[in-house]
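Below: the structure, in structure tokens.
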Amino acid sequence: MEQVKASFRASLESALPGVEILIERPKSAEMGDFAFPCFRAAKALGRNPTQIAQELAASLTIQGAELKATGPYLNVQLRPEVRARLLLEALLGPTPYGSAPAHSETVLVEYSSPNIAKLFTIGHLRSTMIGHTLAQVNRYLGCQVQRLNHLGDWGTQFGTLLAAYTRWAAETNPKLDRDFDWAEESSARRHTPLFRLFQLYVRFHQEEAVHPEMRDEARTWFKRLEEGDSEARRLWTWFRQVSLAEFQRIYDRLGVGFDAMDGEAFYEDKMPAAVQRLRDSGLLEEGEGGAFIVRLEDVGIQTPSLMVKADGTTIYATRDLAAAIFRRETYDFDRCIYVVGSDQVLHFQQLFAVLGKLDPWFQGRLLHTPFGMIQLPEGKMSTRKGNVVFLEDVLDEAVTRVMAIIGEKNPDLPDKGAVAEMLGMGAVVFFDALNDRVKPITFTWDRVIALDGDTGPYVQYAHARILSVLRKAGGTWVQKARPTEALSPAIAAVPYRPEALPEDLSGLEDPAAQSLLFELAGLPEAIRTVQRENMATALARQLLSIARAFSAFYTNCPILWAENGPEVREARLTLCVATARALRQGLFLMGIQAPEEM
RNA sequence: GCAGCCGUAGCUCAGCUGGAUAGAGCGUUGGCCUCCGAAGCCAAAGGUCGCUGGUUCGAUUCCAGUCGGCUGCACCA
């Protein structure tokens with residue numbers, strides 16, 4: 001495939017010296033495999049693009065392909081059997097399709113980053129899954145990736161929690177004691193210590209609205225924590241432990257993992273040095289009320305970055321500063337991607353500006369990939385106010401709905417629970433990836449857990465149907481579509497195993513088969529788009545196109561019919577194997593599993 | 001007030017660094033299971049791409065302005 005493109009390019013370069021050659025991918029298989037728009041050439045030569053296309057079509061030749069001038073476009077259309085041969089060779093041949101050689105670029109992805117002592121809401125899904133996909137795709141494309149979970153385990157919010165706990169823990173619920181065995185009741189989420197802590201947190205904010213003086217109480221507690229007060233530290237450690245146990249269960253369900261879980265507290269002892277560096281470089285100035293700030297007007301940011309509060313304590317900007325400096329020393333990274341909501345764009349602009357002033361090394365290496373918030377139909381979600389949708393409720397509801405459908409359509413399915421879990425996660429996670437990450441999402445159950453149409457289960461269904469055909473085909477067909485080892489979140493790619501191709505591929509001349517091949521050809525580019533744009537949309541959409549093309553192929557081209565002859569059967573089964581692998585690989589990069597039956 | 005993001009079919013959204021008839025899903029209407037899984041397939045209807053200018057051979061895409069919506073604007077994260 002790539003050789004054909006290269007030879008097309010070479011022919012064009014010799015025919016049109018001095019003209020920049022940009023080869024595009026046509027919109028559909030009927031137009032061809034490669035397209036050369038002649039507009040630039042026309043401008044450079046001062047001639048009519050349609051005429052140029054016609055002349056080129058007449059004068060050039062490409063082995064195994066037809067050159068067609070369609071208006072101002074010069075299209076290369078491979079002969080069906082050549083196209084099938086080249087693409088299957090690329091998909092199943094000795095070299096994994098679309099992979100890139102490993103290179104030394106080190107990419108850090110900071111994502112998920114939940115706050116300790118709060119429950120995962122549907123809002124946390126976005127950072128977690130976008131980050132996971134970016135980590136997977138960058139690793140797949142050969143980068144050295146470090147997955148960082150910047151836990152929100154420090155800050156004034158802990159003052160709030162400590163104040164709330166010491167005020168009301170005993171009266172609210174005697175069982176919410178520091179010695180409470182959280183494992184005892186962990187099955188009932190609404191009764192876990194984490195949920196009770198969450199309730200205390202909400203209550204404090206409610207009462208604080210009436211009694212503003214309580215705010216000082218929280219601030220004092222945080223100061224005690226920051227100064228190393230033993231009681232504050234002891235409670236903090238317990239809060240953290242309880243929270244992490246809860247978080248881990250959700251990460252396990254989503255198949256998400258991390259290489260480092262250093263939270264904000266980890267950087268606590270690294271902040272003084274960071275602040276001192278700012279001071280030494282003359283960037284730190286005293287602002288209103290005795291706080292210390294870095295002015296950024298000269299780089300177009302009117303709001304200064306506050307680094308030390310008037311009471312001498314730190315702020316999240318200080319911790320992000322220390323974290324970036326630490327990460328430079330630890331990883332010597334080429335890129336650091338912060339997957340954080342779009343409500344924090346200003347914060348990251350400030351942070352990057354401060355770091356850039358402090359050390360030009362940081363310039364161009366830091367990237368904030370913002371994403372839109374999830375809102376409820378009635379407005380913004382607020383943990384403090386308590387009107388939130390918990391992520392685990394959404395995951396559970398998705399699984400429940402899938403179970404109901406399985407009970408109706410495939411009641412004899414073995415291992416229903418595991419399959420329902422894969423499909424439920426698939427629905428929720430795929431939905432998150434489907435659209436541009438910067439756009440806000442209004443949460444409704446039916447949207448987020450849709451199971452028909454452009455959804456994860458649609459792609460999973462196509463995969464399951466392929467496996468069903470391969471099972472019926474017998475022999476080793478199923479093995480060919482299976483990975484060689486169990487998949488885990490720690491690896492970025494489904495293990496690759498080359499396959500020999502049949503001699504005769506005439507069974508793939510049908511337009512539906514050709515169309516499927518065309519969509520499969522688009523997968524590597526979609527994966528590179530994910531890396532370039534730092535969002536999974538292109539990959540999710542390409543998988544849908546492949547699944548759709550497969551469904552059409554499946555209904556139009558009988559695979560197992562004996563009257564077709566063994567050559568046709570083998571060619572179509574081989575295409576099935578290639579499709580199953582592509583779907584499984586693509587879903588896996590997104591953190592979605594593909595069951596063989598559903 | 002200043003800054004950023006977003007306005008594409010009834011609804012939810014794609015549209016790849018400007019380019020071939022603007023594409024999907026949901027919903028609506030009508031077809032398709034005595035042959036591989038109907039969680040599916042096929043077809044129809046539905047759009048002056050918010051508005052006005054500008055750049056260009058060519059703008060949904062780039063620029064300016066304008067209207068509408070969302071977000072942020074120092075001691076929360």
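Chain naming here is simple, since letters A, B, ... match the order of the sequence lines and numbering starts at 1 in each.
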Item to complete: Check every strand shown and say whether A/Ile315 touches a base, only sugar-phosphate, or nothing at a heavy-atom separation below 4.0 Å.
Response: sugar-phosphate
Worksheet item: Reckon A/Cys557 touches a base, only the sugar-phosphate, or nothing at all at heavy-atom distances under 4.0 Å?
Response: base
Worksheet item: Touch check for A/Gln460, heavy atoms < 4.0 angstrom, all strands: base, sugar-phosphate only, or nothing?
Response: nothing
Discussion item. What's A/Pro370 touching, base or sugar-phosphate or nothing? Going by heavy atoms closer than 4.0 Å.
Written reply: nothing
Discussion item. What contact category does A/Lys68 fall into here, base, sugar-phosphate, or nothing, at under 4.0 angstrom with non-hydrogen atoms?
Written reply: nothing
Discussion item. What contact category does A/Ser551 fall into here, base, sugar-phosphate, or nothing, at under 4.0 angstrom with non-hydrogen atoms?
Written reply: sugar-phosphate
Item to complete: Quick one: label A/Arg319 by what it contacts on the DNA or RNA (base, sugar-phosphate, nothing), any heavy atom closer than 4.0 Å.
Response: sugar-phosphate
Item to complete: Give a yes or no on whether a donor-acceptor pair under 3.5 Å exists between the nucleobase atoms of B/A74, that is its base, and the side chain of A/Glu288.
Response: yes
Fill in: Polar contact flag, side-chain donor to acceptor under 3.5 angstrom, A/Thr537-A/Arg437
no
Worksheet item: At under 4.0 Å between heavy atoms, what does A/Ile301 touch on the DNA or RNA strands: base, sugar-phosphate, or nothing?
Response: nothing
Worksheet item: Contact class for A/Met373 vs. all strands (heavy atom < 4.0 Å): base, sugar-phosphate, or nothing?
Response: nothing
Worksheet, complete the sentence: If pairing means Watson-Crick or G-U wobble with both distances under 3.5 Å, then the partner of B/G23 is B/C13
Practice prompt. Using a heavy-atom cut-off of under 4.0 Å over every strand shown, decide if A/Glu24 touches base, sugar-phosphate, or nothing.
Written response: nothing
Worksheet item: What about A/Tyr461: does its side chain form a donor-acceptor pair under 3.5 Å with the base of B/A39?
Response: no
Item to complete: Identify whether any heavy atom of A/Glu525 sits under 4.0 Å from a base atom; if not, whether one sits that close to sugar-phosphate; answer base, sugar-phosphate or nothing.
Response: base
